[in-house]
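To start, the structure itself, in structure tokens.
All ligand and atom numbering here is 1-based and tracks the order in the structure. Computed from a predicted structure; not experimentally measured. Along the sequence shown, residues are numbered consecutively beginning with 1.
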Amino acid sequence: MSEPKKSPARDLLETPKNGLDRISDSERAEMKKFAVDYRHFIDTCKTERETVTHTIELAEARGYKPYVRGMALKPGDKIYFNNRGKALFLAVIGEKPLDEGVLISGAHIDSPRIDLKTSPLYEDSEFAFFKTHYYGGIKKFHWVNIPLELHGVVAKKDGTVVNVRFGCDPDEPVLVIADILIHLAGEQMKRPAAEVFTGEALNALVGSEPAHDDDGADRVKLAVMSILHEKYGIEEADFHSAELTLVPAMNSREVGFDGSMIGAYGHDDRICAYTTVRALFDIEGTPAHTAVALLVDKEEIGSVGVSGMSSKTFDTFMEDICEGFGVPLRVCYENSCCLSNDVAAGFDPNYPASFDRRNASRLNYGMGITKYTGRAGKGGASDASAELMARVRKVLDDADVVWQMAPLGAVDVGGGGTIAGIMANRNIDTVDAGVPVLSMHSPWEIISKLDLYMTYKGLHAFLTSK
Ligand code: MN
Ligand code: MN
């Protein structure tokens, strides 16, 4: 029998291979260790504020110092800037001058959730409820009949800020948005999925026991308010100056008999936040370029506001640093490069029509690179240049990173955006990168450990590139 023929042209073709078939045993062990660290992070950080607080603890333990305007900096210095407790910039000053540009890795730390309205507490039929206003793009039916925790802050007129984290302890009660029983759901079941629940119907059940020391109206509401006063020292009007949010009362778990995947709330985009800060923290010595990590708020509602990526806060931070070295900000920006780290839509074979199989990211095929996002004819996309794509390919291949192209689904089925366009508008070359996810924006999203680890490895290679 003769050998099968093989044309030399075969080598011109790409032969994608599952990342789990490509890594060594020692790298597999690293990957598993990294997954354990990540699970601790994702279970600790359920909101943008909690992410900032926890990341500052991690940063300070590694020698990062709060940056104050005018501070003298030199190569090797490690700094962070806390933007109002809701966004965080970190940097390691590099060897090269800032007019040669900085390398930026940016992720967002807000996730879809159910916010409380500003006057949330009411009573109806001897139940107490919270009125809510959902945050970000969700399928509302996902968030009904699942246990919910309450997280956030209440700022009081005396200047104190009370932290709320209720329902995390397994012995603590949880809150829930109840559904109508199937037996009486004839009308509801005929509605299109987007209308099964209206936003105004997402009222969270928060109590049913009346106050026993009162004969007036709304005794259940009164009893709930008493409990909140006892626990947090707040009164009803304090809800007007609060940021309280309901998130799934579910911690991360390994998924699959092989434990190869991780399910958790808020992979989008705290998985990219974690890989970003770990990539920064694990830089040994002084990098060539100044390395900057951004953890920003409000991406899920358009990156607006003072803590979002559109805010001038970032420009101010960068300008202050540049000024210290006598470098104009615009010169720094025009030579800088940014990976906008956000999760990608992983191919799900149960919904093939939503994807183009030949142009889709797959779980276990590594870090995703997304040249453009957008909607209907690339609308709203920041389409990274061919030259930038080539630069990123080289960095990742030289570091043996398992990575893949990660376009956002089939043409004309939907779309989305990231902070990429906002960074590019600053005259910074930017491309999207991140971890492929299944069930994105659901209360419990799914990723693979291989992609998590490879995204970390890819970001580290990028931040330390010459
Ligand atoms: Mn995202
Ligand atoms: Mn998102």
Item to complete: State whether a side-chain donor-acceptor pair under 3.5 Å links Asn83 with Ser307.
Response: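 Side chains of Asn83 and Ser307: no pair found under 3.5 Å.
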Worksheet item: Do Asn251 and Lys46 have side-chain N/O donor and acceptor atoms under 3.5 Å apart?
Response: yes
Item to complete: Any chance you could measure Thr276, atom OG1, to Leu294, atom CG, to the nearest 0.5 Å?
Response: 8.5 Å
Item to complete: Can you measure from CD1 (Ile447) to CG (Asn364) and round to the nearest 0.5 angstrom?
Response: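 Rounded to the nearest 0.5 Å, the CD1-CG separation comes to 9.5 Å.
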Worksheet item: His441: which N/O/S atom is nearest the Mn ion (ligand 2)?
Response: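 Looking at His441, the N, O or S atom with the least distance to the Mn ion (ligand 2) is NE2.
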Discussion item. Strictly under 2.8 Å of the Mn ion (ligand 1): which protein N/O/S atoms qualify?
Written reply: His108 NE2, Asp268 OD1, Asp342 OD1, Asp342 OD2
Fill in: Stepwise side-chain hydrogen bond (donor to acceptor under 3.5 Å, both in side chains) test for His267 and Tyr274
CA-CA 10 Å; His267 285 313; Tyr274 187 68; over 6 Å; no
Worksheet entry | Reference residue Glu27; test salt bridge (Lys or Arg N to Asp or Glu O under 4.0 Å); the match among Lys457, Lys33, Arg22, Lys32 |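 Of the listed options, the one satisfying the test is Lys457.
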